Every structure is written in C-alpha cells, then in structure tokens.
Amino acid sequence: MRTGLAGRAAALAALSLLLCVPAHAAPPATPGPLGGTAAEAAGAALAARRAAARATADGSGGLDFRRCPDAEELPGPVRCATLRVPLDYARPDGPQISLTVSRLAATGARGAVRQGALVHNPGGPGASGTYFPLLADLPGWQRIAAAYDLVGYAPRGVGGSAPLSCQDPATGAKAPTQVPAAPSAAYKRQRLAAARAYARGCARRAGAALPHYSTLDNARDLDVLRAALGERKLSFMGASYGTYLGAVYATLYPGRVRRMVLDSAVDPDPRRVWYRNQLDQSPGFERRWYDFRAWTARHHDTYGLGATPAAVQASYARVRDAVAHRPAGGVVGTGELRAAYLQAAYYDDVWPDRAAALAAFLRGDPARLTAQAAPDPESAAEAENATAVYTAVLCNDASWPADWETWDRDNTELARRAPFEAWANAFLNLPCASWPVRERQRPVAVGAQPERLPRTLVAAAERDGATPYAGALELQRRLGAGASLVTEVGAGSHGVVGGRNDCVDRHVERYLLTGATPGWRVACAPHPEPAPVSLDERAASAHRALLPPVV
C-alpha cells in the first residue's frame, strides 16, 4: 500500500436524452446504505448515465483517444484521453476535474475475440497506472492483450489528474536526513509538529477539494470510466490499495462487475481501515526484513556480510552508524538508507543489489549505496504528489486516533517486536491525527452488497509484508463463495501477478480469458529466490519482465 487488469455496452440512453437532463438537485446529506451520502450516490449514478449516453452516441466509446501527452512518456501505439468527472459527486453539475486515461486496443492476435476493456489500478493510493498498456508486448500478457483493450489511468489527484500537492517539493526534507534508530521524546515532538504542518499544507493548497480525495470517490470515478469506455460491466485488475478500491467498487456496484483480479490484498475489514492496517504492516515488514537477512546470510561467501541473520543485521548497523556520521556521497543518511532497504522488504528482486551495496560500502566503496539510496531530484515533484494523494485518501477514508498518546503507546509497543519500520510508518501516517476535514468517510462495509458477485480472483503471497496474508483471507471471505484465492506459498514479494510466478499467472490468464477460477483455495510454489550476483553482473543479466512495482 505505499503503503500498486467486458464487450461494448448496450445503449443506456440516446445523446438527445442526455441533453435534456435537468440540473441535478442534491438531496439532503444523509448517509447512504453502503457509504457516502445519498446525494453522492445519486450524483455518481447520474454521471455514469451521462458518460454511457455519450459512449453510445459516439459509437466507439465516449472518450476521445489521441496522442498521449509528453509527460506520460508513452509510445505512439498507446493513446490517451481525458475523462471528466465531478469533483464532488453530491454536486454532479458543479466543478469537474479531468482524469488521464491510456489505452491500447485489443490486438486480436491469433483470431482472439475482443472481450472489452481491462482497467488496471496499481495501488498506492497515489500511483498512476497509465503505463499499463505497455504490457501488451510482454510474453505473459500477449493472450490477454489480444482479447482486451488494456486501459490504465491516473486516479484523481495523481499526475495530470487534478494533481494534489501538500507542500512545495523544493521545501521538503533535504537529503541527507538523519533518523534516530529509537526516537527520543524530543524527536517525536518534532515529527508531530511536522505532521500537523503537513496536514495544514494539504488544506491550504487543496482548499474545498480536500475531502474529495477518497476511496469512495475513486470507486465512483471508476464506474464513470467504465461507462465512458462503453462497457456494461467492468473487468478490473487492482494491486495493493487497488484491491481495496476494487472491493469497494464491487460492494457499491455488484451488478456491474464482470471479471476482477485483486493482487496483494488489503484487509477490507472496516475496523482495520486504516489505522489498524497500518500497524499490521510493521510486523509484516519485520518478517520480510528477516527473510532478506537470512538470504544474505546463506550467501555469505558472496557478500561477506555474515553467516547468520543476526550477523547481517550487525553489518547493516555498521553501515547505518557510518552514514549517520558521514552521509554516503554526501546525500545518503539514515533516512535514505532505511527507505532504500525497505524496498528489500517489498521485493526480493532487489536483494542482490542491496546486499552488494552493503558489502561494497563496508569495503570502502560507497558509490553503489549512493546510487541505490540517493533521492532523485528530478522525481521530487512526482514523489511529493504521490505522498499527498496517499495521505489524503487514507486520512479521508476513515477516522484516526486524534490523541498523540494512542499513537505513542501503540507504536512504542510495536517497535519492541518490529523495530525496522514501526516508527517510520507511524510518522508517515501521522498527519491523519490532525487532518483538517471535519467529516471523515465511514469505511465501506465490503461484502455487504445486496446481490451475489460473479466469480472473482484474489492472489496473495503468504509472507507479504505490505499487505499481510490475513487480509487476503478476509477479502476472500467478504467477496463470497465465488471468490477464489491463489496463494504463492512461502513467498513474500509484494505484487504476485505479472511475471514472477508462472503458476499464478496461468490462473490469472485463464480466469480473464474464460471466467473460470481454479477453486476456493489454490497453492502455487514460490518463485525462485534471486541468484546472489554482484551489482555489475546483475545489470548485465537478462531480467524477467515484471509489472512496475505495486505500492
């Protein structure tokens, strides 16, 4: 979660009828049955009807796909369009925002029959999925791309889609940052003040729009996108936070779900959204940090970092102490070091690189560590935007403890058994304690939809740290008897679908192409661990094509 895929619809209304729709009068702001208000539900329905009417009148969908903006860095065959949606669904005729949508039409290779559009959300919240059509040429995606238009989009707030910002990227934390291993009371007060300032910055920059960056709004946008694409029902692939978005969509619009793949599942239990879910991440990351150290210890002959996980931890601590005293390359302090090695808790693909960088540093060469951990100034604005959207969605989605004492107590206890990421995760989410939105959303009761869902497919890694496996079990339970769970046993990389595990990918491909699921619960053996190679050797070797990291 930081804390990464339907035939053309029948006519719902003619464009002439759309032009005669009267101005929408918003009903009172009473709670809707599944989340949000009745006015927002009515406004979302109206926006989707209008999008569907335009798609029907157009004959090829209601979106005008043209050459993509240069900022998207997408090649010519991929086309882009903008989707207009209400900023506030309670006011569907009020201010509108534009979302960037990308698409590559189904190739029809080998006589494949087109099955409609497959929409992808890579998670975050705060990540853009506009790259998704680029997967069409990869071997594992060619049969899917033959049958589906691959459709990606930047959700509201992200990239060019009504971008949200909470501070000037140039005034953010400057590298190097030095983060204490065990925060003192004074450091905690400093971070609490910074979190409050960040929340105020979000309010100042977003103004009245701030409450409208939420999962409920994202789900409504997704339904308008479905309608604008000319699809009667949605085929969707979501990863990480995208699984929660998909689950909320399925709860709000169960009759509009065609196929749904949910990869690396967020626990959708309303009691855990989001404060408890974030606490659950830290023990998960601790397990994966152990897995990285155990792998490195097994390859002590290659890296020389220690023959046990504890010895590897000691080597890491030596590096940490060194960059606390003298930042690597002048820009990698303890904060940058932790962020770089958090990636080892997300993805085992980076294990050889990270181990080689530690080894090189302890031999007197900081260049590899600097190359991997130093922030990229050119991506500062994108990173700030992603953090702003992540913060706004999570803070708007649910109530968070407002008293610092609760945060301090819970994370102090958590850090005793999961020190690697506990406090960093707490400080990342701390703006939610003083979030300047009076009315937070009530988490959607996923699974409370009034009708049975069609078959869905959940995929999860048993040792995933970012979205612990218990969340996949809970999501499957809430989606009902038609949900199938494919588990990569003994593995922990975040993001199971898309090139790591052939067994998982076969189940996903078969489901998307035929609708058939493999059964209630199916196990796949783990993908092979990475080979212990040096950074130079790894750069020169062929790398399996994967989806970009889910977040």
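Just so we're clear, the structure is a prediction, and the values are computed from it rather than from any experiment.
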Inset, instruction - Could you tell me the separation between the CZ atom of F65 and the CZ atom of R103, rounded to the nearest 0.5 Å? - result: 4.5 Å
Legend entry - Atom of P468, atom of D280 and distance for their closest heavy-atom approach: CG-O, 3.7 Å
Inset, instruction - Identify whether the distance between the nearest side-chain nitrogen and carboxylate oxygen of R91 and D88 falls below 4.0 Å. - result: no
Legend entry - salt bridge (charged side-chain N to carboxylate O under 4.0 Å, His left out) partner of D223, the single match among R50, R256, R232, K233: R256
Legend entry - Criterion salt bridge (charged side-chain N to carboxylate O under 4.0 Å, His left out) on R114 and D149, from CA distance to verdict: CA-CA 8 Å; R114 182 180 178 276; D149 301 344; 2.6 Å; yes
Inset, instruction - Using atom types as modelled and distance alone, determine if a side-chain donor or acceptor of N385 lies under 3.5 Å from a backbone N or O of A381. - result: no
Inset, instruction - Side-chain contact test, heavy atoms from C-beta onward, threshold under 4.5 Å: evaluate it for L414 versus N425 and give yes or no. - result: no
Inset, instruction - Could you tell me whether D349 and R500 make a salt bridge, using a distance below 4.0 angstrom between a side-chain N and a carboxylate O? - result: yes
Inset, instruction - For the pair V266 and L475, evaluate side-chain contact (heavy atoms from CB on, under 4.5 Å) and give the outcome as yes or no after the intermediate values. - result: CA-CA 8 Å; V266 169; L475 177 59; over 6 Å; no
Inset, instruction - Determine whether more than 12 heavy atoms belonging to other residues, nucleotides or ligands lie under 6.0 Å from atom CD of E462. - result: yes
Inset, instruction - To the nearest 0.5 angstrom, please state how far the CG atom of L225 sits from the CG atom of N218. - result: 11.5 Å
Inset, instruction - To the nearest 0.5 Å, tell me how far L512 CG sits from R259 CZ. - result: 7.5 Å
Inset, instruction - May I ask you to check whether Y89 and D221 show a side-chain donor-acceptor distance below 3.5 Å? - result: yes
Legend entry - Over 12 non-hydrogen atoms of neighbours within 6.0 angstrom of CZ in R521: yes
Inset, instruction - Flag the pair D397 and R440 as a salt bridge only when some basic side-chain nitrogen lies within less than 4.0 angstrom of an acidic carboxylate oxygen. - result: no
Legend entry - Test: D64 and R66 ion pair at under 4.0 Å: yes
Inset, instruction - Give a yes or no answer on whether the side chain of T251 reaches the backbone of A448 with a donor-acceptor pair at less than 3.5 Å. - result: no
Inset, instruction - Fit a plane to each ring of W274 and Y241, take the angle between them on a 0 to 90° scale, and name the class: parallel (under 30°), tilted (30 to 60°) or perpendicular (over 60°). - result: tilted
Legend entry - Flag side-chain contact, heavy atom, 4.5 Å: L234 against R258: no
Inset, instruction - Taking the side chain as every heavy atom from C-beta outward, state whether D348 and D291 have any atom pair closer than 4.5 Å. - result: no
Inset, instruction - Check whether any side-chain N or O of Q96 sits under 3.5 Å from a backbone N or O of G94 as a donor-acceptor pair, and report yes or no. - result: yes
Inset, instruction - Please check if the side chain of W400 supplies one atom and the backbone of L394 the other of a donor-acceptor pair under 3.5 Å. - result: yes
Legend entry - Residues R156 and S161: side-chain donor-acceptor under 3.5 angstrom: no
Inset, instruction - Go through L210 and C202 one step at a time and tell me if the side-chain contact (heavy atoms from CB on, under 4.5 Å) criterion holds. - result: CA-CA 7 Å; L210 188 60; C202 295; 4.2 Å; yes
Inset, instruction - Could you check whether the rings of W141 and F132 sit parallel, tilted or perpendicular, using 30° and 60° as the cut-offs? - result: perpendicular
Legend entry - Atom of T130, atom of A154 and distance for their closest heavy-atom approach: CG2-N, 3.8 Å
Inset, instruction - Return yes if some donor-acceptor pair links the side-chain N/O of S264 with the main-chain N/O of G495 below 3.5 Å, else return no. - result: yes
Legend entry - For S282 against A422, the heavy-atom pair lying closest together: OG-CA, 3.3 Å
Inset, instruction - Please examine the side chains of D410 and L279, heavy atoms only from C-beta on, and report whether any two atoms are closer than 4.5 Å. - result: yes
Inset, instruction - Identify the residue among L262, V504, L457 that makes a side chain to side chain contact (heavy atoms under 4.5 Å, CB included) with V497. - result: V504
Inset, instruction - Taking only Lys NZ, Arg NE, NH1 and NH2, and the carboxylate oxygens of Asp or Glu, determine whether R477 and E474 approach each other closer than 4.0 Å. - result: yes
Inset, instruction - Mark yes or no for whether Q441, through its side chain, and N396, through its backbone, hold a donor-acceptor pair below 3.5 Å. - result: no
Inset, instruction - State, without any angle test, whether S165 and E384 hold a side-chain donor-acceptor pair at a distance under 3.5 Å. - result: yes
Inset, instruction - Drop me the distance from T487's OG1 to L473's CG, to the nearest 0.5 angstrom. - result: 7.0 Å
Legend entry - Derivation of the side-chain contact (heavy atoms from CB on, under 4.5 Å) call for V151 and S102: CA-CA 6 Å; V151 175; S102 62; over 6 Å; no
Inset, instruction - Output yes when a side-chain donor or acceptor of T243 lies under 3.5 Å from a complementary backbone atom of A239, and no otherwise. - result: no
Legend entry - Side-chain donor or acceptor of Q278 paired with backbone N/O of V273 under 3.5 Å: no
Legend entry - Heavy-atom side-chain contact between R220 and E40 under 4.5 Å: yes
Inset, instruction - May I ask you to say whether D269 pairs ionically with R478, meaning some side-chain N is under 4.0 Å from a carboxylate O? - result: yes
Inset, instruction - State, to 0.1 Å, how close A460 and A472 come at their nearest heavy-atom pair, and which atoms those are. - result: CB-CB, 3.6 Å
Inset, instruction - Please report the C-alpha distance between L74 and C80 in whole Å, then the side-chain angles of each, then the deciding distance to 0.1 Å, and finally whether the side-chain contact (heavy atoms from CB on, under 4.5 Å) criterion is met. - result: CA-CA 9 Å; L74 296 170; C80 291; 4.0 Å; yes
Legend entry - Heavy-atom pair of closest approach, residues Y253 and A219: CE1-O, 4.0 Å
Inset, instruction - Could you tell me whether the side chain of E509 reaches within less than 4.5 Å of the side chain of R143, counting heavy atoms only? - result: yes
Legend entry - Any side-chain donor near an acceptor of the partner, Y244 and N121, under 3.5 Å: no
Legend entry - OH-SG distance between Y198 and C432, expressed to the nearest 0.5 angstrom: 10.0 Å
Inset, instruction - Starting at CG of L104, measure out to CZ of R79 and round the result to the nearest 0.5 Å. - result: 10.5 Å
Inset, instruction - State, with a plain yes or no, whether a side-chain heavy atom of Y153 is found less than 4.5 Å away from one of V119. - result: yes
Legend entry - Short side-chain donor-acceptor distance under 3.5 Å, D464 and Y469: no
Inset, instruction - Report yes if the side chains of D263 and V458 come closer than 4.5 Å at any heavy-atom pair, otherwise no. - result: no
Legend entry - Nearest non-hydrogen partners of A147 and A112, listed with the distance: N-CB, 4.3 Å
Inset, instruction - State whether the side chain of W407 and the backbone N or O of P401 hold a donor-acceptor pair below 3.5 Å, judged by distance alone. - result: yes
Inset, instruction - Determine yes or no for a side-chain-to-main-chain donor-acceptor pair under 3.5 angstrom, with S240 supplying the side chain and G242 the backbone. - result: no
